[in-house]
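Everything on this sheet refers to the single structure shown next.
One-based numbering, in listed order, for ligands and for the atoms of each. All values below come from the heavy atoms of this structure, side chains included, with hydrogens, waters and symmetry mates left out.
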Amino acid sequence: MNLYIDIDGVLLTKQGQPSPHLKEFLIEATTKHNPFWLTTHCKGDLLHVTSHLKRILPQDLWEYIEKIKPTNWDVLKTDGINFDQDFRWFDDAPMESEKKLLQEKGVLDKLILIDLKNNPDSLKDVLLKI
Ligand SMILES: [Mg+2]
């Protein structure tokens, strides 16, 4: 399945630290699924996103983040989603207009909200859903 993955507030906490259970999440996402970045750190190319993450994440995680593919989008993150294929989108703060678009397409349930503040184990819990 295609997975669309945000970084800030999802893979990294708001404080910029790696989220709990990040390694298990990345292993699952990159070995069993087809993962894509859907983050302001990536608009069409990988250079910025991977160098940004390599500054923060330990080296044993680099091989997984290198398997995640780029998306290209402009205003709405939903422009980076391929709606012809099944997907899950992991994000902490989708915009109302993005949620409305998902609703109109009947795929709002594909959006998986990550709330690390209220549930630090969010990444572990969502592993059960993908
Ligand atoms: Mg975010």
Side-chain angles (χ1 to χ4, degrees):
M1 192 189 327
N2 292 340
L3 305 183
Y4 296 96
I5 304 170
D6 183 29
I7 292 179
D8 297 318
V10 177
L11 300 191
L12 302 178
T13 66
K14 297 276 192 227
Q15 292 74 37
Q17 297 299 309
S19 299
H21 315 292
L22 178 56
K23 187 170 186 178
E24 299 112 281
F25 179 84
L26 287 174
I27 291 173
E28 182 86 5
T30 58
T31 58
K32 297 187 180 167
H33 298 281
N34 189 28
F36 296 85
W37 293 122
L38 198 56
T39 161
T40 50
H41 296 289
C42 175
K43 287 189 177 176
D45 81 86
L46 290 172
L47 197 63
H48 176 66
V49 66
T50 47
S51 63
H52 173 65
L53 285 173
K54 284 179 176 178
R55 279 195 292 270
I56 300 166
L57 299 179
Q59 201 163 353
D60 66 323
L61 297 183
W62 292 6
E63 64 176 293
Y64 304 108
I65 61 169
E66 285 171 353
K67 291 180 181 164
I68 302 177
K69 295 179 260 297
T71 52
N72 201 3
W73 55 283
D74 186 15
V75 179
L76 298 180
K77 283 184 173 177
T78 42
D79 290 342
I81 294 176
N82 177 358
F83 288 101
D84 294 332
Q85 296 176 349
D86 197 15
F87 71 94
R88 297 291 183 275
W89 172 22
F90 303 95
D91 205 288
D92 63 314
M95 294 195 298
E96 281 308 314
S97 49
E98 293 166 336
K99 286 197 278 188
K100 186 163 172 277
L101 191 138
L102 293 182
Q103 180 118 45
E104 284 165 4
K105 290 182 175 288
V107 292
L108 189 58
D109 60 329
K110 310 294 184 189
L111 170 64
I112 298 181
L113 285 171
I114 303 292
D115 183 354
L116 293 167
K117 195 172 170 216
N118 287 313
N119 179 12
D121 293 325
S122 289
L123 287 188
K124 188 179 182 186
D125 293 344
V126 298
L127 285 176
L128 303 171
K129 297 183 190 170
I130 60 175

Ignoring waters, how many N, O or S atoms from the protein are under 2.8 Å from the Mg ion (ligand 1)?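 Those protein atoms number 3 in total.
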Below 4.5 Å, heavy atoms only, C-beta onward: do [X] and [Y] meet side chain to side chain?
X	Y	value
Ser19	Phe25	no
Asp8	His41	yes
Phe83	Leu102	yes
Asn82	Thr71	no

Should Phe90 and Ile65 be regarded as members of a common hydrophobic cluster, given that ILVMFWY residues are connected when their side-chain heavy atoms come within less than 4.5 Å of each other, either directly or indirectly? yes
Of Val107, Asn34, Leu3, which is the lone residue that meets side-chain contact (heavy atoms from CB on, under 4.5 Å) with Phe87? Val107
